[in-house]
Amino acid sequence: MDKIKTDFTDKELRYLLKRGVSEIIVEQELVQLLKSGKKLRLKEGFDPSTPDIHLGHMVGLRKLRQFQEIGHQVVLIVGDWTAQIGDPSGASITRPMLSAEQVKENADTYMRQFFKVVDRAKTEVRWQSEWFGKFSLADVIRLTSKFTVAQMLAREDFNNRFHANKPIAVTELLYPMLQGYDSVMIQADVEFGGQDQKFNFLVGRELQAMIGQKPQQCFMTGLLVGLDGVQKMSKSLGNYIGVDEPPHEIYGKVMSLSDSTLIRYFDLLTDVPDEELAELNRELAGGKTNPMELKKRLARDLVTQLHGADAAAQANYHFTRVFQKREMPEEVEEIKVNPGEDIRDALVKAGMVKSKSEINRLIQQGAVSIDGAKIESAIMSYRDGSIVKIGKHRFVKVVITEGD
RNA sequence: GGAGGGGUGCCGGAGUGGUUAAUCGGAACAGUCUGUAAAACUGUCGCCCUGACGGGCUACGCAGGUUCGAACCCUGCCCCCUCCA
């Protein structure tokens, strides 16, 4: 079958183990594993209560892909049991229990996005319920007796909350143990995730050792800052770019990134070589390169990865035309207008604006034009085929129709 | 079992009887500028009528009440949260 790559140049190793990587425990052991020729089992878990993947997650998925390309096996775990506990974050300690159908649906959604980056053919999907579904109280006691409260409190988040007199649910203490047990069940060689997963990964490592398995390596990827350029990309902060978003949306969001985050994005999300990145960075600092051009390159690269080269070219064209040149897009939505009807009403009806008050406000702000002429008052003359422009990039074509 | 805090506009969060469609921040939208859907700056940001001036209506968990007048006071109900044991 697939050949497993065992000979690496220093450069290749550096790319695999440094680029976009935050920490590896234990790096030397991982290097040995890679060179041993063993087909490694790479564990990645996810919580089916949050099925959307964004670029922040993509950093890790790209790593999985890279390991697949040198012959290794990804094992994706659907955390249908741990999802009921909620990963201890302090913010939300109680989560609604999801129905079985809901979990299934979320899992499908997640996987559809996951496999945009990761190779499905080299992935084994496992559900926690395969083993936890049969767990008895005796099993729970056996598992929990392997750890002490002090060990669990070593986790930074628990520790903080403990000392701040904030609640820690008993089930939350269970979370790392369950996640660790997954590693035992699938005999993971390496577990992948963000830096915030370190504690859970280490619990898995210990548990495997106790049971007589070779402890897994912990592979933690770097954090991506979100659109605001300050906080980490996360769904709850709303500063994310979803893997599932349409091409022009991804492209546009990349273009709105703050300049200072550009290189980091290249670093974490593209294959542009380190030397070239360093060079680009120098040019940027020296003002030799226009950040916009670089952003376009980044946007094209990312859209290509997620939607293919054609979509990327199209998104690029669309952006240049609509946003840079402020021309009409190739396709303009049409709205039906009855003869003599106030066009404002038609715009509201078509959902172009939220309310008549809003369109009035926009007119006052000088944001509306018809056939290139700015509208000063609410009296708008138009004819069949007129192009109404609202703001910088909302266009609509008037179609006059009789009836209703 | 005991003690206490709170539910306000898309979100966060002021306001504790009139001058409050409701300070402020964020998001969003628009305008100016620009190398960019970056940044910066300015403005808008409940709904309806009006070209505009202006006017009307609805809103501060829910339901009542007090008052000339309530997000703010009272009563009941619902819901969140924290601490002690």
Side-chain angles (χ1 to χ4, degrees), chain A residues 90-96 160-169 225-231 233-242 245-266 280 283-303 315-329 341-345 347-349 351-370 373-382 388-396:
Chain A
S92 59
I93 49 174
T94 43
R95 286 194 195 177
N160 289 155
R161 279 198 275 162
F162 185 71
H163 284 104
N165 287 327
K166 294 244 175 75
I168 301 170
V225 288
L227 295 175
D228 55 12
V230 182
Q231 290 183 280
M233 184 174 282
S234 89
K235 197 179 176 191
S236 53
L237 292 173
N239 62 352
Y240 67 100
I241 302 177
E245 295 187 51
H248 65 271
E249 201 66 36
I250 295 175
Y251 195 100
K253 283 188 177 181
V254 171
M255 291 308 290
S256 77
L257 280 176
S258 101
D259 295 352
S260 60
T261 60
L262 243 183
I263 293 294
R264 183 105 178 112
Y265 270 68
F266 269 106
L280 289 174
E283 287 180 9
L284 261 184
K288 272 194 221 158
T289 302
N290 184 340
M292 181 193 62
E293 292 304 326
L294 264 189
K295 265 193 234 179
K296 279 187 164 183
R297 177 172 170 187
L298 178 65
R300 247 195 326 261
D301 191 318
L302 289 170
V303 176
N316 181 52
Y317 175 71
H318 181 264
F319 178 84
T320 308
R321 178 165 174 153
V322 178
F323 296 105
Q324 289 195 289
K325 297 189 184 157
R326 303 215 174 153
E327 288 169 0
M328 270 202 301
E341 187 182 5
D342 185 337
I343 196 154
R344 292 175 300 167
D345 292 328
L347 289 170
V348 173
K349 240 192 297 172
M352 287 299 293
V353 289
K354 274 208 295 287
S355 65
K356 202 159 171 181
S357 297
E358 180 167 279
I359 184 69
N360 280 334
R361 263 181 243 127
L362 288 165
I363 291 169
Q364 259 172 32
Q365 293 181 121
V368 183
S369 62
I370 293 180
K374 190 175 276 188
I375 300 306
E376 307 286 346
S377 73
I379 301 166
M380 301 198 257
S381 61
Y382 59 89
V388 182
K389 184 183 177 198
I390 304 171
K392 281 199 262 286
H393 50 263
R394 268 180 282 176
F395 291 89
V396 92

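Protein chains get the first letters and strands the later ones, always in sequence-line order, with residue 1 at the start of each. Hydrogens, waters and symmetry mates play no part in the numbers below; they use all other heavy atoms, side chains included.
What you find for Arg326(A) and Lys389(A) is that their closest heavy atoms are O-NZ, 4.3 Å.
Mapped onto RNA chain B by nearest heavy atom, Leu257(A) and Lys392(A) fall at different nucleotides, with Lys392(A) at the one closer to the 5' end.
The ring-ring contact (aromatic ring centres under 6.0 Å, His included) search around Tyr265(A) returns none, not counting sequence neighbours. In this view, Lys325(A) satisfies the salt bridge (Lys or Arg N to Asp or Glu O under 4.0 Å) rule with no residue, not counting sequence neighbours. Partners of Arg300(A) according to the salt bridge (Lys or Arg N to Asp or Glu O under 4.0 Å) rule, which considers only residues two or more places apart in sequence or in another chain, do not exist here. Listed by chain and residue number, nothing satisfies the salt bridge (Lys or Arg N to Asp or Glu O under 4.0 Å) test with Glu293(A) (two or more places apart in sequence, or in another chain). When the side-chain hydrogen bond (donor to acceptor under 3.5 Å, both in side chains) test is applied to Glu249(A), no partner is found at least two apart in sequence or on another chain. With sequence neighbours excluded, the residues forming a side chain to side chain contact (heavy atoms under 4.5 Å, CB included) with His318(A) are His248(A), Val322(A), Phe323(A), Pro329(A), Glu330(A), listed by chain and number.
Between the base of U36(B) and the side chain of Asp259(A) there is a donor-acceptor pair shorter than 3.5 Å. Contact of Gln365(A) with G31(B) (side chain to base): no donor-acceptor pair of N or O atoms is detected under 3.5 Å.
Counting only heavy atoms from C-beta on, Ser256(A) has its side chain closest to A37(B) among A37(B), A30(B), U36(B). Taking the side chain of Ala367(A) as heavy atoms from C-beta on, and the options A37(B), G31(B), C29(B), the nearest nucleotide is G31(B). Comparing C29(B), U36(B), A38(B) against the side chain of Ser258(A) picks out A38(B) as the nearest.
With C1' as the reference atom, C62(B) and C80(B) are 15 Å apart, rounded to whole Å. Spacing between G7(B) and G12(B) at atom C1', rounded to whole Å, works out to 14 Å.
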Taking N or O atoms only and anything under 3.5 Å, show me the protein contacts with nucleotides 40-42 of chain B, one pair per line.
none

For nucleotides 47-50 of chain B, tabulate all protein N/O to nucleotide N/O atom pairs closer than 3.5 Å, reporting atom names and distance.
{"residue": "C47(B)", "atom": "OP1", "partner": "Ser355(A)", "partner atom": "OG", "Å": "3.0"}
{"residue": "C47(B)", "atom": "OP2", "partner": "Arg361(A)", "partner atom": "NH2", "Å": "2.7"}
{"residue": "C48(B)", "atom": "OP2", "partner": "Ser355(A)", "partner atom": "OG", "Å": "3.4"}
{"residue": "C48(B)", "atom": "OP2", "partner": "Lys356(A)", "partner atom": "N", "Å": "3.3"}
{"residue": "C48(B)", "atom": "OP2", "partner": "Ser357(A)", "partner atom": "N", "Å": "2.9"}
{"residue": "C48(B)", "atom": "OP2", "partner": "Ser357(A)", "partner atom": "OG", "Å": "2.9"}
{"residue": "C49(B)", "atom": "OP1", "partner": "Lys356(A)", "partner atom": "NZ", "Å": "3.3"}

Under 3.5 Å, side-chain donor or acceptor atoms of residues 251-259 of chain A against the rest of the protein: list the pairs with distances, not counting sequence neighbours.
{"residue": "Tyr251(A)", "atom": "OH", "partner": "Asn316(A)", "partner atom": "OD1", "Å": "2.4"}
{"residue": "Lys253(A)", "atom": "NZ", "partner": "Tyr240(A)", "partner atom": "O", "Å": "3.3"}
{"residue": "Lys253(A)", "atom": "NZ", "partner": "Glu245(A)", "partner atom": "OE1", "Å": "3.1"}
{"residue": "Lys253(A)", "atom": "NZ", "partner": "Glu245(A)", "partner atom": "OE2", "Å": "3.1"}
{"residue": "Ser256(A)", "atom": "OG", "partner": "Lys253(A)", "partner atom": "O", "Å": "2.9"}
{"residue": "Ser258(A)", "atom": "OG", "partner": "Ser260(A)", "partner atom": "OG", "Å": "3.0"}
{"residue": "Asp259(A)", "atom": "OD1", "partner": "Lys295(A)", "partner atom": "NZ", "Å": "3.0"}

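For C83(B), the paired nucleotide is G2(B), the pair qualifying as Watson-Crick or G-U wobble because both relevant distances are below 3.5 Å.
Atom C1' of nucleotide C29(B) and atom CZ of Phe323(A) are separated by 14 Å, given to the nearest angstrom.
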